[in-house]
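If you're wondering where the values come from, they're calculated on a predicted model, not measured in any experiment. We name chains A, B, ... by the order of the sequence lines, and we start the count at 1 in each one.
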Number of protein chains: 2
Amino acid sequence: MGDVSTGSLAAFLEVARLGSFTSAAQTLGYTQSAISRQISALEGAMGGGPLFDRLPRGVRLTEAGRALMPYAEAAVERVDAARHELNALRELTGGRLRVGAFPTAGAELLPCAVTLFRSRYPEVKLRTEENLTRVQLARLDTDELDLAVVSDTAGDPLDSYELHHLVDESMYVALPDEHPLARRRQVRLVELADDDWISGSPQPERSLLHAAIGETFRPRVVHVVAEWIAKQGYVAAGLGVALIPALAADCVRPDVRLVAVHEDDVPARAVYAATPQGRSPSPAVEAFLGTLRAAIDGMAAQSRLSGKSAK
Amino acid sequence: MGDVSTGSLAAFLEVARLGSFTSAAQTLGYTQSAISRQISALEGAMGGGPLFDRLPRGVRLTEAGRALMPYAEAAVERVDAARHELNALRELTGGRLRVGAFPTAGAELLPCAVTLFRSRYPEVKLRTEENLTRVQLARLDTDELDLAVVSDTAGDPLDSYELHHLVDESMYVALPDEHPLARRRQVRLVELADDDWISGSPQPERSLLHAAIGETFRPRVVHVVAEWIAKQGYVAAGLGVALIPALAADCVRPDVRLVAVHEDDVPARAVYAATPQGRSPSPAVEAFLGTLRAAIDGMAAQSRLSGKSAK
DNA sequence: ACCAGGTATGCGAGTTGTGCATGCTACCCA
DNA sequence: TGGGTAGCATGCACAACTCGCATACCTGGT
């Protein structure tokens with residue numbers, strides 16, 4: 001039993017609508033003979049029975065033809081709908097994008113990128129979620145996330161993902177306004193070896209500080225605070241100092257001072273957009289990468305972000 | 001934008017299921033190269049974007065491919081379902097048949113045919129309705145009926161329908177048991193010119209009697225009774241005589257006698273199965289014609305039906 | 001460095017689809 | 001009653017497509 005193409009089905013429907021091979025041929029841009037043969041082929045593919053009664057003036061559906069009609073309509077409609085859907089995915093006038101980001105990215109980078117993306121592609125349904133990097137990678141694997149904004153801080157195995165480098169963010173220390181070093185443009189960490197530290201983890205190895213630990217410096221973590229807004233509070237109260245990445249540097253309360261850390265003490269932290277490996281990124285993912293870059297450029301122009309948004 | 005065939009869609013689905021062109025080619029009985037080209041063509045027909053990521057070991061769906069999947073499944077399923085449906089119509093393992101019949105046919109002919117049809121083709125949904133011939137023709141026109149069992153008694157315009165001759169039924173007079181002619185094998189109508197007549201219409205022209213009216217005979221209609229069971233009652237009570245067609249002759253009460261009418265007085269009435277003109281009859285209609293003929297043969301073997309079930 | 005498993009592609013042959021011209025049938029109208 | 005006409009079917013030649021074969025190419029594992 002032969003093959004059926006949308007062409008034959010469309011011809012069938014047009015003939016059924018117009019009641020004539022000849023006029024259907026005209027509206028479809030074929031000759032009458034082509035239509036005649038297409039219908040004949042379709043009749044063959046459908047088991048052999050005639051779909052039309054050939055009358056002296058045109059044709060009319062047989063019982064079988066009438067029965068076929070809804071199926072043919074549905075099949076053609078599905079293929080058309082598929083074309084539209086794929087087109088929407090390609091033209092970014094539809095579809096869905098699920099983005100994850102680590103917490104600090106939520107301060108400025110992600111809101112900025114989301115706003116930009118929404119204004120450019122309002123019909124793409126964009127969802128974001130904040131996760132630890134480790135969780136995000138898992139969700140990329142299980143196809144619950146299309147793109148994840150991650151940093152390589154925690155030493156998670158990023159190498160089995162497609163990485164799109166976004167920016168290298170330098171580090172700052174947050175100092176209370178009255179701290180002796182609060183007016184400096186740059187500090188070395190050894191200068192803060194005797195201060196109390198505020199960190200996201202009791203073991204500094206598992207926090208932002210991990211890259212700073214060396215022979216000459218091991219911070220004394222006195223307060224364990226995860227939220228950046230709370231860290232600010234502790235710092236402002238003079239309870240200690242904290243390391244914070246450039247991405248979070250723009251939303252700082254006026255009684256907290258940020259001072260750059262020397263690059264040799266804490267290397268700039270790379271921020272990537274990660275996507276599943278070996279999978280060609282969808283247009284929506286590509287577009288979001290673009291808006292992420294645009295967001296970083298925009299932020300670099302007006303902020304302390306180091307601006308090394310190379311690529 | 002090109003054409004899409006069920007073949008390409010089936011190939012697409014099989015590749016998606018197995019994750020490899022090669023293995024899909026094996027299960028479908030094609031070569032790997034054919035599958036590769038079919039997918040390539042499908043990608044073209046769907047707008048150009050890739051549907052699969054080509055990995056070193058096999059392929060995996062892209063976002064677009066994942067989006068296409070449900071549409072492809074639906075389209076293929078619809079075409080398959082259509083094939084099954086049409087096959088059911090052809091093999092009489094499905095579908096529907098709407099039959100109409102004039103009242104007298106409901107006495108024996110239709111029940112017999114319906115029983116036969118149901119036992120042979122139990123999966124065809126058979127509906128019957130009793131109508132005047134005039135109504136039935138209208139319902140054939142409006143496609144509310146597939147086949148109508150009619151007689152040409154009433155002079156309705158049968159000529160614009162496809163007529164399948166079933167039988168010529170001769171006519172009988174129903175006489176009360178004590179009627180002087182009740183033991184005859186045949187009568188002439190003039191012999192009954194002085195009797196009271198029972199008919200379905202006050203004007204004998206519009207009833208079974210219309211063919212009997214001539215120079216020498218005009219019946220005096222005294223009782224107007226439509227239902228055959230009631231006519232029997234009137235006749236049995238000695239209130240008159242009635243003309244009845246052979247099709248109804250088998251269900252007569254014992255105190256009513258039937259006597260054949262001479263053929264010259266009332267010509268045998270032709271009974272047809274009528275179908276819409278110019279329309280090739282569906283297999284179900286053909287089959288019902290067959291069972292009608294079988295029913296008539298069966299009845300002729302054991303009844304007064306004249307048996308001229310010619311063709 | 002080679003092999004294994006997979007996809008892409010050039011090539012030739014067979015098949016299918018298309019258009020043109022023509023044949024055929026039934027209706028319409030004079 | 002006989003041409004005219006509208007419409008489908010079909011023979012034919014040609015173009016386009018599809019398929020299989022052989023082979024090139026890529027990548028990961030040994």
Side-chain angles (χ1 to χ4, degrees), chain A residues 1-12 14-46 48-62 65 159-162 276-280, chain B residues 1-12 14-46 48-62 65 159-162 276-280:
Chain A
M1 209 165 300
D3 203 3
V4 176
S5 68
T6 55
S8 359
L9 294 179
F12 167 77
E14 195 64 8
V15 169
R17 194 170 68 84
L18 297 174
S20 143
F21 286 11
T22 306
S23 40
Q26 284 168 353
T27 75
L28 294 177
Y30 284 124
T31 57
Q32 174 267 329
S33 108
I35 299 297
S36 173
R37 290 198 147 90
Q38 287 204 24
I39 297 299
S40 187
L42 186 61
E43 288 173 332
M46 281 303 174
L51 298 172
F52 293 100
D53 279 323
R54 274 66 167 181
L55 307 178
R57 283 294 198 276
V59 297
R60 201 164 57 202
L61 286 169
T62 61
D159 48 339
S160 56
Y161 300 86
E162 207 76 50
Q277 199 172 37
R279 197 179 302 182
S280 71
Chain B
M1 210 164 299
D3 203 2
V4 175
S5 68
T6 55
S8 354
L9 293 179
F12 167 77
E14 195 66 8
V15 170
R17 195 171 67 84
L18 297 174
S20 144
F21 287 11
T22 305
S23 40
Q26 285 168 355
T27 74
L28 294 177
Y30 283 126
T31 58
Q32 174 267 330
S33 107
I35 299 297
S36 173
R37 285 204 215 286
Q38 288 204 24
I39 297 299
S40 186
L42 186 61
E43 288 173 331
M46 280 305 172
L51 298 172
F52 293 99
D53 279 322
R54 274 66 167 180
L55 308 177
R57 284 293 197 275
V59 297
R60 200 165 56 201
L61 285 169
T62 62
D159 46 340
S160 56
Y161 300 87
E162 206 77 50
Q277 198 172 38
R279 198 179 298 183
S280 72

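- For the pair A/T27/A/L18, a side-chain contact is recorded, criterion being any heavy-atom separation below 4.5 Å from C-beta on.
- Taking atom CG of residue A/L18 and atom P of nucleotide D/dA6, one finds them 17 Å apart after rounding to whole Å.
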- Summarise how protein sits on nucleotides 4-17 of chain C as a single string, 5' to 3': B when a protein heavy atom is under 4.0 Å from the base, S for sugar-phosphate-only contact, - for no contact. -SSBBBBB------
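- Spacing between atom CG of A/L51 and atom P of D/dC8 amounts to 15 Å, rounded to whole angstrom units.
- Between the P atom of D/dG28 and the CD atom of A/Q277 lies a distance of 9 Å, rounded to the nearest Å.
- No donor-acceptor pair closer than 3.5 Å links the side chain of B/D53 to the backbone N or O of B/R60.
- There is no side-chain donor-acceptor pair under 3.5 Å between B/S33 and B/S36.
- Checked by atom type and distance alone, the side chain of B/R57 never pairs as donor or acceptor with a backbone atom of B/L55 at under 3.5 Å.
- A side-chain donor-acceptor contact under 3.5 Å links B/T62 to the backbone of B/L51.
- Using bins of under 30°, 30° to 60° and over 60° for the plane-to-plane angle, the ring pair A/F52/A/F12 lands in the tilted bin.
- Computed from coordinates, the A/E43 CD to D/dA9 C1' distance equals 12 Å when rounded to whole Å.
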